[in-house]
Student: 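To start, I am sharing the structure in question, which I have written as C-alpha cells.
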Amino acid sequence: VAPPRREATFEAAPNIALIKYWGMRDVARGLPYNSSFSVTLDRLRTRTTVRWDPTLPSDRFVLNRAPVAGPAADAVSRFLDLVRAMAKVTDPAQVVSTNNFPEASGLASSASGFAALAGAATASAGLRLSGRDLSRLARLGSGSASRSIFGGFVEWRAGRRPDGRDCYAVPALRASHWPELVDLVLLVGGAPKKEVRSALAMQTTVTTSPAYRARLAAVPKRLARLRSALRRRDPRAFFPLVIEECDEFRHVCETTDPPLDYLTSTSRETLAAIRAFNDARAEPRAAYTHDAGAHVHVFTLRRHERALREKLEAVRGIERILRLRPGPGARRLARAGQA
Ligand code: ADP
Ligand code: DP6
C-alpha cells in the first residue's frame, strides 16, 4: 500500500452571486433559507497548499506570505478539524495560501479561500471527494465557497433536510455558455474593510428586517426565471432580473436593525449610471450587482462595452476596472508552488 500523500495544492476562484445567499435556517450546519446562483470568475484566484506535518506544534496559516493569527487562523483550524475527523488523522497542518486580489473587500476571498482549502486539505489527507461532497464541506468554511467548487454558472441548492445532506452546489451552465457576456468589476476607492462576517451580518437581517419574509417568498420564482433567461441567453430578461435581485438584497440590508450599508457614494453613483444607461434605450444593456462590499459588478454584452465604459468615465472614485468572464472551478495543481 502506497503511503498517503501528505501535501496538495488547489486553486479556486471567487464567485459573484446573481441570486444571493443571505440568511441561514441552521447556523451550525451552514444551511441557507434559499437556493442561490452565481458565476465563478476567471483571473481572480486563491492558490492553497496544505501539508500535514506531525512535527508542527499546531496548525499554521500563512496568507499572502504573512503568518496569520486570530479569528482568520481559528476559522482555518476549525475547518481542518472537520477534515481531520473525516480522514481520521490528528496531525497539525501547514496551510500556505495566496490570493491574487484584496481580501475582505467584497471580492469573495472567503469563497475562493475555503473552496481551495477544502480541495487541498482533503486531497493531501488522502481523501477523494466528489464535487458534491467537496461543495458540502466547503460550505462549512464559508457558505458561498460551496459554489466556487464548480466553474461557470452554479446553483447552490438549499435543500430541505435538517441534516443538510441535500444542501450543496451543482454546475448549471458551462463557463463558455454565453460568450458575449462580460463582467466589469468596478473597484471602488476607499472601500472599507468588512468588520462583521457576512455569516453573522445576515442573521441580523433574518431576525430584524421586516422585508425578509417577502424576499424569501420571491426568490424561488426569480431564480427559475434567471436560470431560464440565461439558458436562452436573453439579455432583456436577464439584466432586469439581476438588478431586481441586487436591489432586494440591498433593501433587506438597509432595513436590518442596525442597518447594513456596504456601499460608498461611488458605488451608489455607479448603480445610478447603469440605470440611466438602460433607460436611454428601449432594451436593457447592462446589470449591476454587488455583494456585502463596495465594489460593483456590471454585467454587459461585448457589443455594449465601449458605450458602457464611456458612461462610467463620468463616475468619480472608480479606481480600476477588471474585465472578467466566467471561469473554471476548483482544481488540483500537479505540483506545489507559489502563486
Ligand atoms: P470577502 O469580501 O473578501 O469575501 P469575507 O469577509 O467574506 O470577505 O472573507 C474574508 C475572510 O476570508 C478573511 O478575513 C479570511 O479569514 C478569509 N480568507 C481570505 N482569504 C483566504 C484564504 N486564501 N484561505 C482561507 N481563508 C481566507
Ligand atoms: C452577500 O459566504 O461570504 O456574498 O461565511 O461570512 O464568508 P461567510 O459568508 P459568505 O456570504 C455571502 C453573502 C453574499 C451573497 C452570496 O455570495 O450569495
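The figures that follow rest on heavy atoms only: side chains count, while hydrogens, waters and symmetry mates do not. Just follow the structure's listing: the first ligand is 1, and inside any ligand the first atom is 1.
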Student: Answer yes when Glu180 and Arg302 have at least one side-chain N-carboxylate O distance shorter than 4.0 Å, and no when they do not.
Tutor: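 No, this pair does not count.
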Student: Pick whichever of Ser144, Pro14, Ala111, Cys253 has a heavy atom sitting closest to atom 10 (P) of ligand 2.
Tutor: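 Of the listed residues, Ser144 has the closest heavy atom.
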Student: Check this for me - ligand 1, Ser110, N or O atoms closer than 3.5 angstrom, yes or no?
Tutor: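 Such a contact does occur with ligand 1.
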Student: Pick whichever of Ser36, Ala145, Ser142, Gly113 has a heavy atom sitting closest to atom 7 (O) of ligand 2.
Tutor: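 It is Ser142 whose heavy atom sits nearest to atom 7 (O) of ligand 2.
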Student: State the atoms of ligand 2, each with its element, that fall below the 4.0 Å cut-off from a heavy-atom position in Met202.
Tutor: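 Counting atoms of ligand 2 from 1, those under 4.0 Å from Met202 are 11 (O).
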Student: Report yes if some N/O of Ala199 lies less than 3.5 Å from some N/O of ligand 2; otherwise report no.
Tutor: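 By distance alone, the answer is yes.
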Student: Counting only nitrogen or oxygen atoms and a 3.5 angstrom limit, does Lys20 reach ligand 2?
Tutor: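 In fact, backbone or side chain, Lys20 has no N or O that close.
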Student: Are side-chain N/O atoms of Thr46 and Asn99 paired as donor and acceptor at under 3.5 Å?
Tutor: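 Checked: Thr46/Asn99 side chains pair up, N/O donor to acceptor below 3.5 Å.
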Student: Does the side chain of Asp247 pick up a donor-acceptor pair with the side chain of Tyr288 at under 3.5 Å?
Tutor: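 Tyr288 and Asp247 do have a side-chain donor-acceptor pair below 3.5 Å.
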Student: Would Arg233 count as a cation-pi partner of Phe238, with NZ or CZ less than 6.0 Å from the six-membered ring centre and within 45° of the ring normal?
Tutor: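 No, cation not above the ring by the 6.0 Å, 45° rule.
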Student: With heavy atoms of Trp22 as the reference, note each atom of ligand 2 found under 4.0 Å away.
Tutor: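 Result: 1 (C), 13 (C).
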Student: Got a list of side-chain donor-acceptor pairs under 3.5 Å for residues 316-329, not counting sequence neighbours?
Tutor:
unit_1: Arg323; atom_1: NE; unit_2: Glu305; atom_2: OE1; d: 3.2
unit_1: Arg323; atom_1: NE; unit_2: Glu305; atom_2: OE2; d: 2.9
unit_1: Arg323; atom_1: NH2; unit_2: Glu305; atom_2: OE1; d: 2.9
unit_1: Arg325; atom_1: NH1; unit_2: Trp178; atom_2: O; d: 3.2
unit_1: Arg325; atom_1: NH1; unit_2: Pro179; atom_2: O; d: 3.4
unit_1: Arg325; atom_1: NH1; unit_2: Leu181; atom_2: O; d: 2.5

Student: Quick check on contacts: which atoms of ligand 2 are under 4.0 angstrom from a heavy atom of Ser110?
Tutor: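 Per the distance check, 3 (O), 7 (O).
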Student: Can you tell which of Gly113, Ala73, Ser142 gets a heavy atom nearest to atom 22 (C) of ligand 1?
Tutor: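 The residue whose heavy atom sits nearest atom 22 (C) of ligand 1 is Gly113.
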Student: Are any of the side-chain nitrogens in Arg236 or Asp234 under 4.0 Å away from the carboxylate oxygens of its partner?
Tutor: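 No, this pair does not count.
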Student: How far is atom 5 (O) of ligand 2 from its nearest protein heavy atom, and which residue and atom is that?
Tutor: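 So the nearest neighbour among protein heavy atoms is Arg197 NH2, 2.6 Å.
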Student: Near Ala72, which atoms of ligand 1 are under 4.0 Å from a heavy atom of that residue?
Tutor: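 Heavy-atom distances to Ala72 below 4.0 Å select 16 (O).
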Student: Evaluate Ser198 for polar contact with ligand 2, using N/O atom pairs at a separation under 3.5 Å.
Tutor: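 Yes, at least one N or O pair falls under 3.5 Å.
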Student: Side chain or backbone of Leu117 under 4.0 Å from ligand 1, or both, or neither, by non-hydrogen atoms?
Tutor: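 Neither part.
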Student: Should Arg268 and Asp261 count as an ion pair when the cut-off is N to O under 4.0 Å?
Tutor: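 Looking at Asp261 together with Arg268, the answer is yes, because their closest N to O distance falls below 4.0 Å.
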Student: Check each atom of ligand 2 against the heavy atoms of Gly143 and keep those under 4.0 Å away; list them by number with element.
Tutor: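 Heavy-atom distances to Gly143 below 4.0 Å select 2 (O), 5 (O).
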Student: Examine the proximity of ligand 1 to Asp291 and report which part, side chain or backbone, both or neither, has a heavy atom under 4.0 Å away.
Tutor: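 The answer is neither.
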Student: Check each atom of ligand 1 against the heavy atoms of Thr46 and keep those under 4.0 Å away; list them by number with element.
Tutor: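 Heavy-atom distances to Thr46 below 4.0 Å select 23 (N).
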Student: Which residue supplies the protein heavy atom nearest to atom 15 (C) of ligand 2, what is that atom called, and how far is it?
Tutor: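 Among all protein heavy atoms, the one nearest atom 15 (C) of ligand 2 is Tyr21 O, 3.3 Å.
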Student: If the threshold is 4.0 Å, N to carboxylate O, is there a salt bridge linking Asp91 and Arg6?
Tutor: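 A salt bridge is present here (some side-chain N lies under 4.0 Å from a carboxylate O).
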Student: Regarding Arg147 and Ser38, is there a side-chain donor-to-acceptor distance under 3.5 Å anywhere?
Tutor: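 Ser38 and Arg147 do have a side-chain donor-acceptor pair below 3.5 Å.
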Student: Between Lys20 and Thr289, do the side chains contain an N or O donor and an N or O acceptor separated by less than 3.5 Å?
Tutor: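 There is such a pair (donor and acceptor under 3.5 Å, judged by atom type) between the side chains of Lys20 and Thr289.
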Student: Arg232 and Ser228: side-chain donor and acceptor closer than 3.5 Å?
Tutor: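 There is such a pair (donor and acceptor under 3.5 Å, judged by atom type) between the side chains of Arg232 and Ser228.
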Student: Does Arg78 come within less than 4.0 Å of Asp81, counting only side-chain N to carboxylate O?
Tutor: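 Salt bridge between Arg78 and Asp81, a charged N being under 4.0 Å from a carboxylate O: no.
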Student: In the hydrophobic cluster built from side-chain contacts under 4.5 Å, what are the other members alongside Val170?
Tutor: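 Taking Ile, Leu, Val, Met, Phe, Trp and Tyr as members, Val170 shares its hydrophobic cluster with Tyr168.
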Student: Mind checking whether Ser97 contacts ligand 1 via backbone (N, CA, C, O), side chain (CB onward), both or neither, at a 4.0 Å heavy-atom cut-off?
Tutor: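 It is the side chain that touches ligand 1; the backbone stays farther off.
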Student: Near Ala17, which atoms of ligand 2 are under 4.0 Å from a heavy atom of that residue?
Tutor: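 Once the distances to Ala17 are compared, the set is 16 (C), 17 (O), 18 (O).
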Student: Measure the distances from the heavy atoms of Trp156 to every atom of ligand 2 and state whether one is below 4.0 angstrom.
Tutor: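 No.
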Student: For ligand 1, find out whether one of its N or O atoms is nearer than 3.5 Å to an N or O atom of Thr48.
Tutor: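 No - when backbone and side-chain N and O of Thr48 are compared with those of ligand 1, no distance drops under 3.5 Å.
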Student: Can you sort out which atoms of ligand 2 are near Ala292, meaning under 4.0 Å from one of its heavy atoms?
Tutor: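 That gives atoms 1 (C) of ligand 2.
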Student: Flag Arg147 as yes when one of its N or O atoms lies below 3.5 Å from any N or O atom of ligand 2, and as no otherwise.
Tutor: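 Between Arg147 and ligand 2 (N or O atoms, distance only) the closest approach is under 3.5 Å.
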Student: Do the ring centers of Phe79 and Phe114 come within less than 6.0 Å of each other?
Tutor: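 Yes: the rings meet the under 6.0 Å criterion.
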